[in-house]
Amino acid sequence: KLGADSSINEVEINEQSIEDNRKQIEVRRCLEIAIAQNRTEVFLQPIVDATTHKVIGAEALCRIRDNDGKIISPGLFIPIAERNGHITALGEQMFEKACKFVSENNIEQYGMEWVNVNVSTIQFMQHNLADRFEEILKKYKLSPEVIHLELTEAAMVEENLMDSQIRNLQEKGFYLVVDDYGTGHSNISRIKKYPFINIKLDMSLVWDYVKKPGVIVPRMVQAFKETGYTVTAEGIETKEMAIALKECGCNYLQGMLFSMPIPVDEFLEYVKNY
Ligand code: C2E
Ligand code: MG
Ligand code: MG
Ligand code: MG
């Protein structure tokens, strides 16, 4: 009897993994087409001042579509892009589209100062990264302080490479942000070695804190601020969360309470009417 049961389970597991495989292949195909045809899309999510709730910046987040035009989540295609090396081309397209957005729209009139772009670890390790970004900025006649680069701690890989890559970006005037802080090997002394300007607390940390407030998060925020960083809390979904994280000392808030990531034209409507 046991034997029969386990073979049924095996069949089910195999069918599931075949289904997963099909999905993966489908996502991969859509990803490759989107990149080849430069059809990766920028969605923007507002980042607001924690006190006034005025939009001060935005994060550019990548979207691609399946054959029916439905949006595929980055949770599905980013890992694939990182595995097959397409993440560098994807990241450049996002950087360029963020530049295009800033150059075509006078964002200052809405009180906005910058747009954040995500840089994957694999993209970050490209030796010509800083030159590529600089070329694109020149094409759009922008200065580097309008496009901030979000790096996760996983990007703080090999010490020597990290040092030279950061130096290159810093020499060219780029502003660097730590993304997803608190999701693992968080190492403040490591971060302090580099000229980051802003720390983004991962939403898991934010949610844990709101569920069970304690002294750790507020002390951490204070320590960051004393060191000269500004701090952003991600994943703000309710008014209560906005209040709690502001009281922790966070400078900026980002999350569903304000808006989820939305297409560029909707984002412009949003900031115009805000
Ligand atoms: P991330 O950079 O940490 O971006 C924040 C993610 O949190 C976004 O997910 C955003 O939609 C989501 N989020 C924001 N506020 C809330 C909230 O209040 N509640 C909830 N539940 N979620 C919220 P998204 O757009 O699905 O992106 C997921 C991840 O994929 C990003 O995390 C980033 O690591 C990666 N990613 C997205 N676009 C790019 C890109 O252009 N380049 C690279 N390298 N990675 C990207
Ligand atoms: Mg990010
Ligand atoms: Mg993040
Ligand atoms: Mg994240």
Side-chain angles (χ1 to χ4, degrees), residues 27 31 34-35 38-48 53 55 57-65 70-101 114-126 129 133 136 147-155 175-184 186 196 198-211 231-242 244-245 250 252-264 266-267 270:
V27 170
L31 173 72
I35 292 171
N38 196 8
R39 284 164 69 171
T40 52
E41 291 174 41
V42 170
F43 273 39
L44 293 170
Q45 183 174 37
I47 298 172
V48 308
H53 290 190
V55 181
E59 177 171 3
L61 291 151
C62 186
R63 299 290 183 264
I64 62 170
R65 289 176 197 273
K70 280 212 312 291
I71 284 179
I72 305 175
S73 154
L76 288 173
F77 67 80
I78 294 288
I80 297 176
E82 286 185 325
R83 274 202 304 277
N84 68 17
H86 289 312
I87 192 71
T88 299
L90 180 149
E92 276 190 13
Q93 289 184 8
M94 293 299 289
F95 183 91
E96 170 141 18
K97 286 168 187 181
C99 288
K100 187 164 182 285
F101 168 78
W114 30 257
V115 173
N116 283 8
V117 170
N118 291 283
V119 179
S120 137
T121 306
I122 289 154
Q123 183 187 9
F124 180 71
M125 292 188 297
Q126 300 292 308
L129 179 79
F133 283 166
I136 299 169
I147 306 286
H148 295 183
L149 305 175
E150 293 193 6
L151 294 177
T152 63
E153 286 181 283
Y175 287 177
L176 303 172
V177 169
V178 176
D179 196 5
D180 298 348
Y181 184 83
T183 50
S186 301
F196 289 103
N198 172 249
I199 312 285
K200 297 183 78 173
L201 306 183
D202 191 72
M203 60 181 117
S204 58
L205 195 72
V206 169
W207 291 353
D208 285 348
Y209 172 71
V210 175
K211 249 187 274 159
V231 180
T232 304
E234 293 192 276
I236 300 296
E237 297 193 344
T238 64
K239 280 187 186 148
E240 291 69 33
M241 293 177 76
L245 274 298
C250 290
Y252 309 121
L253 306 173
Q254 178 179 353
M256 218 158 79
L257 173 65
F258 308 102
S259 167
M260 282 308 276
I262 45 180
V264 166
E266 276 178 47
F267 180 84
Y270 180 89

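Order of appearance sets the numbers: ligands from 1, and atoms from 1 within every ligand. It should be emphasised that the depicted structure is a prediction, and the values quoted were computed from it without experimental measurement.
Contacts between Trp207 and ligand 1 below 4.0 angstrom, taking non-hydrogen atoms only, involve the side chain exclusively. The backbone and the side chain of Asn118 each have at least one atom closer than 4.0 Å to an atom of ligand 1 (non-hydrogen atoms only). Using a 4.0 Å cut-off between heavy atoms, Leu257 makes no contact with ligand 1 at all. Contacts with ligand 1 closer than 4.0 Å are made by no heavy atom of Gln123, backbone or side chain. Neither the backbone nor the side chain of Glu82 has a heavy atom within less than 4.0 Å of ligand 1. With a 4.0 Å heavy-atom cut-off, ligand 1 is reached by the backbone of Cys62 and by its side chain too. Within the 4.0 Å heavy-atom criterion, the part of Met94 lying near ligand 1 is the side chain and not the backbone.
Close approach of ligand 1 to Met260 (heavy-atom distance below 4.0 Å) involves ligand atoms 11 (O), 16 (C), 22 (N), 23 (C). Per-residue contacts place Ser120 under 4.0 angstrom from the following atoms of ligand 1 (heavy atoms of the residue considered): 44 (N). Distances below 4.0 Å separate heavy atoms of Pro74 from the following atoms of ligand 1: 24 (P), 25 (O), 26 (O), 27 (O), 30 (O), 37 (C). Listed by number with element, the atoms of ligand 1 under 4.0 angstrom from any heavy atom of Glu237 are 17 (C), 18 (O), 19 (N), 20 (C), 21 (N). Close approach to Gly235 involves these atoms of ligand 1, each under 4.0 Å from a residue heavy atom: 16 (C), 17 (C), 18 (O). Residue contact check: Asp180 has heavy atoms under 4.0 Å from atoms 3 (O) of ligand 1.
With hydrogens and angles disregarded, no donor-acceptor distance shorter than 3.5 Å links the side chain of Lys200 to the backbone of Glu150. Panel note: side chain Tyr209, backbone Leu245; no donor-acceptor pair is recorded below 3.5 Å. Between the side chain of Glu96 and the main chain of Ile136, no donor-acceptor pair closer than 3.5 Å is present.
The angle that Asp179 OD2 and Glu150 OE1 make at the Mg ion (ligand 2), rounded to 10°, works out to 90°.
Taking the Mg ion (ligand 2) as reference, the nearest N/O/S atom within Glu59 carries the name OE2.
Annotation for Val264 and Val42: closest pair CG2-O, 3.8 Å, computed over non-hydrogen atoms.
For the 3.5 Å distance criterion, the side chains of Glu59 and Asn118 qualify, holding a donor opposite an acceptor.
At least one N, O or S atom of Asp180, from either the backbone or the side chain, sits less than 2.8 Å from the Mg ion (ligand 3).
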